[in-house]
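Inspection log for the structure reproduced underneath, given as structure tokens.
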Amino acid sequence: MGINENLVQMKSEIPAHVKLVAVSKTMPVNYLLEAYEAGQRIFGENKAQEIINKQPLLPADIEWHFIGHLQTNKVKYLAPFIGMIETVDSLKLLIEIDRQAVKLGRTINCLLEFHIAEEATKFGLDMADASEIIGSPEFRDLKNINICGVMGMATFTGDIEQIHREFSHLRQIFTHLKKEYFSNNIHFKEISMGMSGDYKLAIEEGSTMVRIGSAIFGERNY
Ligand SMILES: *Cc1c(COP(=O)(O)O)cnc(C)c1O
């Protein structure tokens, strides 16, 4: 099937309240344009250089999400156009995002990335890290960022129960943070979880944003 058909199929399976981020990493610009022409507006990339290269070549009304590990020295290149940084995993990074946003006179949407996989290899915060960040005086001084919710990746496994557990854990983290720190914050509403292999489970566990790559664009050749 083509990109257009894959998107139509995907949209029919995702409830209307769940946002679809088309993960276009490694894909050529003409694939992204095809998705754009099929109505897709949110695209996700995980490499700073790649998103910097692609963004000027594509329509200006695309909402770009950064979903990879971001180094603080790259923030200034993304800050002018990025729609959301989904992978905030330190206070240092948040401070730099705010600093660049202030310079540009804009506000940058962010998600806090949590380590929910039972395997040890993925990036992300745990609840103690997050409480420390949110409770810090530096955090309270940030002016030009919106914390819009949480993001996480489940273990790559065929064990359905485990994936359910991990997504359920992220939803509990979201609920806890909302209650403790963000109950009056209208921006804090997103739970970004679910990829091509596990988005249905993620939606069952309360995902509001799925990040789908290969099921739209086909397998990636690295
Ligand atoms: C690549 C990637 C995805 C999409 O993966 P697919 O399995 O191709 O859908 C989602 N989230 C992140 C963080 C990724 O790096």
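Worth knowing before you read on, the calculation uses all heavy atoms, side chains too, and leaves out hydrogens, waters and symmetry mates. Note that the numbering runs from 1 along the sequence shown for the chain. Both counts, for ligands and for their atoms, begin at 1 and track the order of listing.
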Against Ile82, only a single residue in Leu70, Asn109, Val75, Ile51 fulfils side-chain contact (heavy atoms from CB on, under 4.5 Å); can you say which? Ile51
Using atom types as modelled and distance alone, determine if a side-chain donor or acceptor of Asp89 lies under 3.5 Å from a backbone N or O of Glu113. no
Quick one: are the ring centres of Phe174 and Phe114 less than 6.0 Å apart? no
State the atoms of ligand 1, each with its element, that fall below the 4.0 Å cut-off from a heavy-atom position in Met153. 13 (C)
Quick check: do Met153 and Ile116 have side-chain heavy atoms less than 4.5 Å from each other? no
I need the atoms of ligand 1 closer than 4.0 Å to a non-hydrogen atom of Ile212, numbered in the order shown. 9 (O)
What are the atoms of ligand 1, with element, lying closer than 4.0 Å to any heavy atom of Ser196? 6 (P), 7 (O), 8 (O), 9 (O)
Contact check, Arg220 vs ligand 1, heavy-atom distance below 4.0 Å: yes
Does any part of the side chain of Lys54, heavy atoms only, come nearer than 4.5 Å to the side chain of Leu58, both counted from C-beta? yes
Heavy atom of the protein closest to atom 10 (C) of ligand 1 (residue, atom name, distance): Met195 SD, 3.4 Å
Which atoms of ligand 1 have any heavy atom of Ser214 under 4.0 Å away? 6 (P), 7 (O), 8 (O), 9 (O)
Geometry only, no angles: is Gly213 polar-contacting ligand 1 at N/O separations under 3.5 Å? yes
Any idea which protein heavy atom is nearest atom 14 (C) of ligand 1, and the distance to it? Lys25 NZ, 3.0 Å
Side-chain donor-acceptor contact under 3.5 Å, Asn30 with Glu34: no
Name the closest protein heavy atom to atom 12 (C) of ligand 1, giving the residue it belongs to and the distance to 0.1 Å. Ile67 CD1, 3.5 Å
Looking at Tyr36, I want to see if its OH is surrounded by more than 12 non-hydrogen atoms of other residues, nucleotides or ligands under 6.0 Å. yes
Short list, please: which atoms of ligand 1 are under 4.0 Å from a heavy atom of Arg211? 4 (C), 9 (O), 10 (C), 11 (N), 12 (C), 13 (C)
